[in-house]
Amino acid sequence: MTRRVKRTVALTLAAASTGCSGEQSALAPTGVEALAIDPLFWTATWVGVLVTLMVVVLVSIALYGPVSWRARLGSDWIVIGGGIVLPIVVLTVLFLYALFIMQANAVRSQEAGDEAVTIVGKRWWWEMTYTTADGEKVLSANELRLPVGRPVRLRLESDNVIHSFWAPQLAGKLDMIPGRTNEVVVEATEAGISRGQCAEYCGGAHALMAFYVVAMPPAEYDAWLAREAEPAQRPKTGQQARGHDVFMQNGCGGCHQVRGTAAQGLIGPDLTHVGSRHSLAAGMLTNDPEAFARWITDNQHIKPENLMPPFRQLSEEELSSLAVYLDSLE
Amino acid sequence: MTGFDDLRHPDKSPSVIAMFIYLMIGPGLWGLHLTLVYSAHTLICALGGSSDLSATFVLIATFLVAGPLLAIIIMQRRFGRLLGLDDRLSGRTIYDAISRFTSVLSLAGILWAGAAAAIVTSCAQGR
Amino acid sequence: MREEELPNTLPRPEGELEGLRRAWAPPKGFRLITAVNNQVIGILYIGAAFLFFILAGILALIMRTQLAMPESELVSQDFYNQIFTVHGTTMMFLFSVPVVEALGVMLLPQMLAARDLPFPRLSAFALWAYVVGGLVFFSTVFYDLAPKGGWFMYPPLTLTEYSPGHNADFWLLGIGFIEISAIAGAIEIIVGTLRTRPPGMTLARMPIFAWAMLIFAAMIMIAFPAVILATMLLEIERAFGWPFFTADKGGDPLLWQHLFWFFGHPEVYIIFLPAAGLVSMMVPAMAQHKLVGYRLIVVALIATGFFSFGLWVHHMFTTGIPSLSLGFFSAASMAVAVPSGIQVFSWIATIASSKQRFRITTPSLFILGFLFIFTVGGVTGVMVALVPVDFQVHDTYFVVAHFHYVLIGGMVFPLFATFYYWIPMASRNMLSERLGRWVFWLMFIGFNVSFFPMHITGLIGMPRRVWTYPSDLGWNTLNMVSTVGAYILAAGVLLFIIDLFLRYRPTMSGGVGNPWNAGTLEWLPGDAYSSRSIPYVTSREPLWDQPNLSRDVEEGRYFLPGAPTGGRETIVTSPVDARPQYIIRMPGAGWSQLVAAIFMAGFFLLLSVKLVVPALISAFIFIIACIVWGWKLDHGPDKGPVDIGAGIILPTYMSGHRSHAWWAMMVLIVVASSLYLAYLFSYLYLWVVSPEVWAPQGSPDLPGIFWPIGTGLLVIAGAAAITVGGRLLPAPGRRRAAFVPVFGLGATCFLAALVAEFWGHWASGLRPTMNAYGAMVYMASFLNLQVIAACTMLAGFSIARYLTGKLDNVRRVNFENAAQFYYYAAAQMLLGLVLLHGFPRVAS
Amino acid sequence: MPRPRALVYGVIVAVLGGLILGTGFVLSGLYNVAASVQHFDITNAVIRMTLRRSVATRSIGIEPPDNLSDEALARLGARHFALGCAPCHASPGAAQNPVAAEMYPAPPPLSHAVEDWQTSELFWIVKHGLKFTGMPSWPALERDEEIWALVAFLERLPDMSAEQYAAMTGRETEQNDGSGFDFDLNANDETVTAFCANCHGDTDAAPVHPLAPPLEGQKQDYLHRALVEYAEERRPSGIMEPIAAELDSAAIDELARHYAELSERPAAERDDVDPDSIRRGGLIALSGVRDDDIPACVSCHSTESSGQFPRLAGLSAEYIATQLRLFRNGVRDQSTYAQIMAPIARRLSDQQLEDVAAFFASRSEENGGTSPSEQEP
C-alpha cells in the first residue's frame, strides 16, 4: 500500500467527523523520527487487523463450519501451527523491523551535530534554553522553534517531578527525569506549527502542560534566534511605560526575567520576548493583551495549582497597561 | 482391590523438585540468560566499557545458553532420566511435551534477545 | 472399575454422615463472619471484590462524563486526579487480584474434591483484612484524602515535597495489607493445589484452572515482594527522608519504576492466567469435548508465568535507557505473546471439536466476546512492544485502550462467563439465560464503543490522565462516543446485578446439580463438607469417564466418607502423583483470624495518618490474636491413624518435609527471599547509578573487617544452637532441661548479630539520611529486623509451647517452623554481610 | 422474671410517657429563666461539674509555649486585658462594674483564676469562651500566640497590686480610653497615637512585645490596608480587630499618614542572633531560592515597589516569622495580597522562614535598606 493511501486511511480514521487539524497527531508526521516510526506502525496495524480477522474467521468456522472443516480445525497440530509457529514467524519479522528502525535512529542521533536546545520540565510549563552560534545561552519558554532540515539535539531535564516531552508530529516521546539528561535528536521536515504535550503524569495541572513547535526555514530560524538573544524592547507608548512600571512595582521580576530590565527572576517563564510566542501559559491561551490580563488575575482557575499567585489587587487601568506592555515584548 | 495398591506406597512418589526442574528448565535458562545479558550490558555501559565488548558478551552468552537448551530439547527423555524421573511415571508423555514446548518457546525468546544485540548498537541511548 | 472394588462398602455406618455434617456446620446468624469454610469465605470474597468493581466502575463513569466534552468543569482537576488514581488502584489491587483469589478459594476445593484447602483460616484472614482495609482505603475518595499520584505512584511526584498530606500514605500503607492478604492467599493456593488433590489426580490430570492458580500463586510469591519493598522504600523516604529516590543524594526515581513494574507487569498476567484457566474449563463443557491441547495450555501457562517477569522494562521504554536493553525487553514482550496465541488456538480447536455444535449459552457468549476482545488487546500489545511504536503511543489513550482490552477483555468477560457458569454450583437457581444475553450484548457493544475509539484518540495525540482537553484538537467526537459506550457497558453490568437479585439464592447443599453436564469434580453432589467421600480419579474429566462416580461418591463409597477424628479434615496427597499421605485436621469457625485481620488493617491505616500509638496498640492486638490463632493449630498426634478406605491407613499428624506447615513455611521463605533479592537489585542498581556516594569515597569508611566477621560468627553460632536445640527436644511427656537455654541462646545470638551489624555502621558515622548509600545500608538492617522479629516471635512461641508440654520430638511442627525461618534468616544475614561489607571494598 | 415481650412494652410506655411529660413542661413555660433567680443547688452542681469536666477534657494535649513566663508577653496580654476583660471581670484596684456584677452567672474576678484552672484550661477558656455564661470566644481563633499572651498575664494576675497592674497595662497616667467594646479613638491625634503607642511603641519607646510591630516609617498604603483588613475581619487578630473596628475611615487615613511620615526607630542591637542565620536569610531575601521556587523577598518588599507591600526591615524576627506562619497555615489568606504571599510562604522550610525573619530584623532602611539594587547578579 502506498503511503498516500495509508495517510488517507489514517486521516479518515482520525478525523472521523471532526475535520480536525491534527496538529498533535502522531498520524501526521513531519519529523524524521516520526516519519520512520509511521510505516512500522502501519505494518503492525495491518498485521494486527489480519490476525484479528483470522481469529474471527476461524472461530466462525469452528462454530458453524462444515463438519469436515471443523474436524480439521480440532487437532493438536492447529494449536502448534497457529499458536506457536505462526506467531513466532510473524513476531520475528516485526521485531527485526523494529530493531532496524531503532538502530537507524541511534545512528542518526550519533551523527547529528552539536546544535542543541535544553528543555527543562517545570510544573507545569517548559523552560527552553537555546544556544546561538556564538555559544550564548538564550532563555525562552513553552515554544520550541526548529530550523527545517537541520537535526537539533533536545536535552531533556527536570528539577522537580518526572515529565515527558512529546511532540507527536516530530518524534516519539522521551521522559524528563530528575538527575538525568535524556537526549533526542529531532529534525523537522517541513515548516509549520504543531503542538505537543506532557505525556507523563506530573501531578496537578498535568493536563494543562502543552507547548507549540514552530518549524521555520533555516534562514528565518537563524534570524529569529538572533532576535531572541537580544534584550527586551523598551516601552514605546505611554501605556506600555505605565505597564512596565506596574510590572516592576508589583514584584513580577521576583519570578520572571525580562532581559534588559531589573526583572531578573528565574522561577517562572522568561518573558523577554513573550509577545512573540504562539501561546501563553504553556499552550493554554492565545497570545493577546486580554489573555495576559486573564492570566494575571485568574491563573489559578485557568491552570489550577500552578505556582504563580493570582494578582487580583491590580486596578483595571494597571492591569490593562501591564497586559499591553507584556504583549509588546516581541 | 488391586486398583488401589499403588496408593499404599506414598514413598514411591517422584521428587517434586525434579519435576519442577524438568518442566521449567527452558524458561529457567531463559531467565538466566536475560539476567546475564541485561545486567552485564548495563554494567559495561554504565562503567564506560565499549559498545563492542557489551555486544560480544551478549552474543557469547546467547550461544552458551542456547546451545545446552537445544541439547536438552533434543535429548528430552534422557534429561528426564538424569533428573530421576521414571519413564513409566503416569503421565510421563504429557510432562515430556510440556518440557519440550516450554523449552522451544524459551529458545525463541533467547534468540530474539541475541538478535537484538546483533542489530542494535549497545550503550546508545534508547532511540 | 468394578463396584466391589470401590474403597468403602455399603451400607455406611449409622451416624457417619451426621458426624460429617456436624463437623462442617457453618456458624449461624451474624456469627457467619467467624466462618472459615471455603464456600462461605469464597462467596463473601467474590461479593466484596465485585463491590469494589462496581465502586471503581462508578469512578470510571465520572471520569468518562467529565471527558465527554472538551473543557468540561464537571469535576475539579484535583478530584479527577484522585479518582483516576483510586479507579486504577481499586481495579488492580482491590478487584482483580482478590476476585481471582476468591475464585480460587471458592472453586479449587470443589475441583479437587477436597473438603477444604489446608489453611482455611488464612483465607478468612485474607478476606477480612482485605474487606476492612479496602473499604477504608476506598472511602478516602469521599473526604479528599485519596492518593493522586496515579496508580503507579511514581516518585518524585509522590515524595513529600510534591505530595504533602496523607493522601499518598494511604496508597502506600493501604496497599500494604492488600499485598499481605494476597500473599496469604497465595500460600493457601500453592499448598492446596499441590497437596490436597484427590488420590489419583496426578499433575497431568489436574484441571487447567488448578494449573492456572498454581502458577498465579507462584507469580504472586515472586512479584508482590518487589512492590512491597518499593512501597516500604517510598514510605520510609516520605516519613524519615532516607533518599532512595532523590537524585540529589544518589537515589534514582527510576528505581521505583523498576521495582514497581517488576511487580506491575506480571500483575497483568496474574490477573489474566486464572481467567484463561476458567475459559479452559468452560470451553470443554460447552463443547462436550475434552480440551484440545491440554499439554500446550499448560506450556502456555508456565511460559507466560516466566516470560511475564522479563518484560517489566517495556513500561519504561521512554525513560531513555540504553537501546540494547530496550531490545532485550522488546524480545521478551514478543516471547510472551506466543503463549496467548497457543491458548486462543487451543480454544478454537476445542470449539471446533464439539460433539454436536458448540452450545451458545450466556457463558459461551462471554467467552466468544472474550476471544475477540482479547485478540485485539493482544495485537495492540504486540504493537506497544515494538519500541519505536511505543515511543509514540506510550502514555496515551492508545495504551488506555490497549490495557482495557486486555484486562476487561481478558479478565472481566471470562469473569462474567464464570458467574453464569458456576453460580448453579452454589445457588438454588441458575441465572437467567434471557437476561444474560442482554447483559452480554450490552457489555460487548458498550465495551467496544467505549474503548475502540480510544486507540485513535491516543494516536491523534491525547495523553492519558488528563482531566480536560482543548476543543480544537479533533478529540471531541471520539471522546463523546467513548463516554456513550461507557454508559452502555455500565447498563450491562447493572442488568447483571438485577439478574443477580432476581435469581441468585445462595446454598451450600449442591445447587442446581450439573446443568452443563461438565466433566470436572466441582459438579459432584456436595454440601458444606464438599463431597461426601473423596473420589479416586483416573482421568482429567472424571464425571465423563467414570460412570456412576457421582452416585458412589454421594453414597460414601470412596475415601474418607466420614469425619473419623470428629473435626474437619481432608486427605493430603503427594505433590506429583497424588498418593494419600496423611489426614490433615483443620480448624473450624473462630474469632482469632477475624480480630487479627481487623487489627492488621487498623495498624496500617492508623499508620497512614501517623497515629503511631493507636497503630502500635493495633499491632499488639494483631499479634495477640495471631498467637491465639496459632496456639490451637498444632494439635499433635492424639487421634491416632485413620482408615480412609481400601485398607489405606493414614496418620493424622505429620511433621517434617511432608507436612503442609513445612510447605507453607517454604513458600513464605521464597516470598522473603524474593523480597531480599529485590533489595539486592536495588542496592546494586543505585550503585550503578551513583557510585560516587558509595563508601569509601562518598561516605564514611566501612566498619573494620572485625565487625562483619564477628557478626557472621554470631549468626553461625545462632543457627548451630538452634540445630542443637532441635536434637534436644524430649520424647512426648518428658522434659529436657537443656532445650530452653540452648534454643534461647540461638535466638539471642541472632538478636546480637542484628544489633552488631547496625551499630558497626552507626559508629562509622554513616547515617541513613545522608545519601542513597546510607539509606541502603540501614535498609538491610531494617529488613533483617523484620525477619528476626518474626523469628523471635516464633521462638518465643515454641518455648511457650515447650513449657506447657505441647512441644516434643514428635509434636514438633512449631519448632520446625521457627528453625526453618531462622536458617533462612541466617542465610539472608550472611548474604547481607557479604554485600554490605564486601561489595564496596571490591568495587572501590 | 417478666416475659421479654412485656419488658419491651414496659420500656416503650416509659419512654413515650417521659417524652410527653418533658414536652409539656418545656411548652408550658413553667421554668423560670430569670437571671435574678438562682439555679437550684442541684442544677448548679450539675452545670458546674459539666463545665469543669468539659474544660478539663477538651484542654487535653494543649502545650504552653516556652516563653509563657516572659514578662513582655504578659505585658502585651495585660494591654488586651485592660480593654477586653477588665470591663466585666474587674481588675486590681477597681471594683467590678455593677451591671456586669448582675450577670448570671456573674463574671468571676480573675485574680484567682490560676488557682482554679490549669494553664492549658485557661487557654482553652479564653480561646473558646463558655456557653450560656456571656464569656465570648476569642475573635480570631487561629491566633493562639495572642491568646497565650493573655494567659501569660493571667498567670501573673494573682496578688497584683493596683500599681503593678497599672505598670503592666501601661496606664500609669489617669486616662480613660474605655473598653474593648467602646472607646473613643477619634477625638484627636494625640490620644490615638498614645493609645497605639501603648503597644506599638513610638520614637521614644520600643514596642511592648516583639509581636507588636513598630509602625514608624511603615508604608502608608500598607498601614491603611492593614487597618481596613482588621476592621473588616479579613486579617484575623483578637487584639487588633476590635480596635480597628472602632476607627472610622478618616481616623484610619490619618493614622496611616501619621506613622508613614515618622522616621524609623533604629533597631535595637541584638547579640543573640546567629550571624549565619542572617547571612542565609539575606541570600533568600535578596536572591530567592530558585530550586524551591522562592522569589527574592525584596522583589516586592522594597522601597521601590508598590506601597501596598509592607517594608520589612526593622520589624522583629518574631513578628515576621509569626506572620509568615499565618500565611503558611492559611490563616492570612483572605485579601488579594495575602493570596500572593501565602503560596510563597508555603514554599519556605522552617529553617528558611527563621532565617528570612532574622535577616529583615537585623536590617533597617537607614543602614543600607533592602532595595533590589542590592541583589546579587
Side-chain angles (χ1 to χ4, degrees), chain A residues 13-18 20-22 24-27 37 40-41 44 48 51-52 55-56 58-59 62-63 70 73-76 78-79 82-84 87-88 91 94-95 98-99 101-102 106 161-162 164 168 172-175 177-180 182 197 199-207 304, chain C residues 77-78 150 154 156-157 162 247 252-254 292-293 296 318-320 323 326-327 330-331 334 337-338 341-342 344-346 348-349 351-353 358 368 371-372 375-376 379-380 382-383 386-389 391-392 394-396 456 459-461 463 465-469 472-474 476-478:
Chain A
L13 274 173
S17 56
T18 54
C20 74
S21 56
Q24 195 167 314
S25 169
L27 300 177
I37 296 173
L40 173 66
F41 166 77
V51 167
T52 312
V55 168
V56 170
L58 288 180
V59 169
L63 285 173
R70 280 172 48 200
L73 256 185
S75 78
D76 258 20
I78 283 292
V79 185
I84 299 180
I88 288 186
L91 291 175
L94 279 177
F95 177 61
L99 287 181
I101 289 181
M102 284 167 70
V161 301
I162 300 177
S164 189
K173 59 185 72 62
L174 188 58
D175 293 353
I177 301 169
R180 291 166 187 251
N182 278 339
Q197 194 167 348
E200 180 65 63
Y201 175 64
C202 50
H206 162 65
Chain C
Q77 169 179 299
D78 191 57
Y154 279 179
L157 179 59
Y162 304 104
D252 187 5
L254 285 190
V292 178
L296 290 168
T318 65
T319 54
S323 49
L326 301 186
S330 183
M334 296 291 143
V338 182
I342 294 179
V344 168
F345 274 87
S346 168
I348 292 176
I351 293 174
S353 326
F358 188 70
L368 293 174
L371 268 177
F372 173 76
T375 304
V376 174
V379 159
T380 52
V382 170
M383 292 173 73
L386 299 170
V387 179
V389 175
F391 286 160
Q392 283 288 19
H394 177 71
D395 270 343
T396 68
I456 303 162
L459 286 168
I460 60 175
R465 296 173 165 182
V466 292
W467 69 282
T468 187
Y469 54 93
D472 56 355
L473 293 174
N476 308 2
T477 314
L478 291 166

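In the text below, chain A, chain B and the rest are named by the order of the sequence lines, each starting its count at 1. What you see is a predicted model; the values in this text were computed from it and never measured.
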Requested in this report: In sequence, state the C-alpha distance, the side-chain angles, and the governing distance for F345(C) and L58(A), and then conclude on side chain to side chain contact (heavy atoms under 4.5 Å, CB included).
Outcome: CA-CA 9 Å; F345(C) 274 87; L58(A) 288 180; 3.5 Å; yes
Report summary line: Between V338(C) and P87(A) the two heavy atoms that sit nearest each other are CG2-CB, 4.3 Å
Query raised in the report: What option among V51(A), I101(A), L63(A) has the most heavy-atom pairs under 4.5 Å with chain C?
Result: L63(A)
Report task. Search all heavy atoms of A62(A) against all heavy atoms of I348(C) and return the closest pair with its distance. Result -> CB-O, 3.7 Å
Query raised in the report: Is there a donor-acceptor pair under 3.5 Å between the side chain of E200(A) and the backbone N or O of D395(C)?
Result: no
Report summary line: Okay, V466(C) and chain A: the region with an atom under 4.5 Å from a heavy atom over there is both
Query raised in the report: Run the side chain to side chain contact (heavy atoms under 4.5 Å, CB included) check on V56(A) and F372(C) step by step: do they pass?
Result: CA-CA 7 Å; V56(A) 170; F372(C) 173 76; 3.8 Å; yes
Report task. Check M383(C) against A44(A) and note the closest heavy-atom contact, atom names and distance. Result -> CG-CB, 3.7 Å
Report summary line: Heavy-atom nearest pair, P463(C) first then A199(A), reads CB-CA, 4.4 Å
Report task. Please state whether the side chain, the backbone, both or neither of T52(A) comes within less than 4.5 Å of a heavy atom of chain C. Result -> both
Requested in this report: Check whether the side chains of T319(C) and D175(A) place a donor and an acceptor atom closer than 3.5 Å, and report yes or no.
Outcome: no
Report task. Could you tell me which portion of L99(A) (side chain, backbone, both or neither) has an atom closer than 4.5 angstrom to a non-hydrogen atom of chain C? Result -> side chain
Requested in this report: Look at A247(C), A337(C), A349(C) and state which one has the largest set of heavy-atom pairs under 4.5 Å with chain A.
Outcome: A349(C)
Report summary line: Assert top hit (heavy-atom pairs under 4.5 Å, partner chain C, pool G179(A), A106(A), A205(A)) equals A205(A)
Query - Under 4.5 Å from any heavy atom of chain A - which part of T396(C) - result: side chain
Report task. Sort L73(A) into side chain, backbone, both or neither according to what part of it lies under 4.5 angstrom from a heavy atom of chain C. Result -> both
Query raised in the report: Counting N and O atoms only, with roles assigned by atom type, does the side chain of Q24(A) sit under 3.5 Å from a partner on the main chain of G461(C), one being a donor and the other an acceptor?
Result: yes
Query raised in the report: Out of curiosity, L91(A) CG to M334(C) CE, how far, rounded to the nearest 0.5 Å?
Result: 6.0 Å
Requested in this report: Grab the two heavy atoms, one from G83(A) and one from I342(C), that are nearest each other, plus how far apart they are.
Outcome: O-CG1, 3.4 Å
Query raised in the report: Rounded to the nearest 0.5 Å, how far apart are CE of M102(A) and CZ of F391(C)?
Result: 6.0 Å
**Report entry** Whether K173(A) side chain and T318(C) backbone form a donor-acceptor pair below 3.5 Å
**Finding:** no
**Report entry** Per-residue contact mode, D76(A) against chain C (heavy atom under 4.5 angstrom)
**Finding:** both
Query raised in the report: If you look at every heavy atom in L296(C) and I84(A), which pair is closest and at what distance?
Result: CD2-CD1, 4.2 Å
**Report entry** Among I162(A), I88(A), V79(A), L40(A), residue most engaged with chain C (heavy-atom pairs, under 4.5 Å)
**Finding:** V79(A)
Query raised in the report: For chain A, which of L459(C), T468(C), L386(C) has the most heavy-atom pairs under 4.5 Å?
Result: L459(C)
Query - chain A interface, residue from D78(C), L157(C), V387(C) that has the most non-hydrogen pairs under 4.5 Å - result: L157(C)
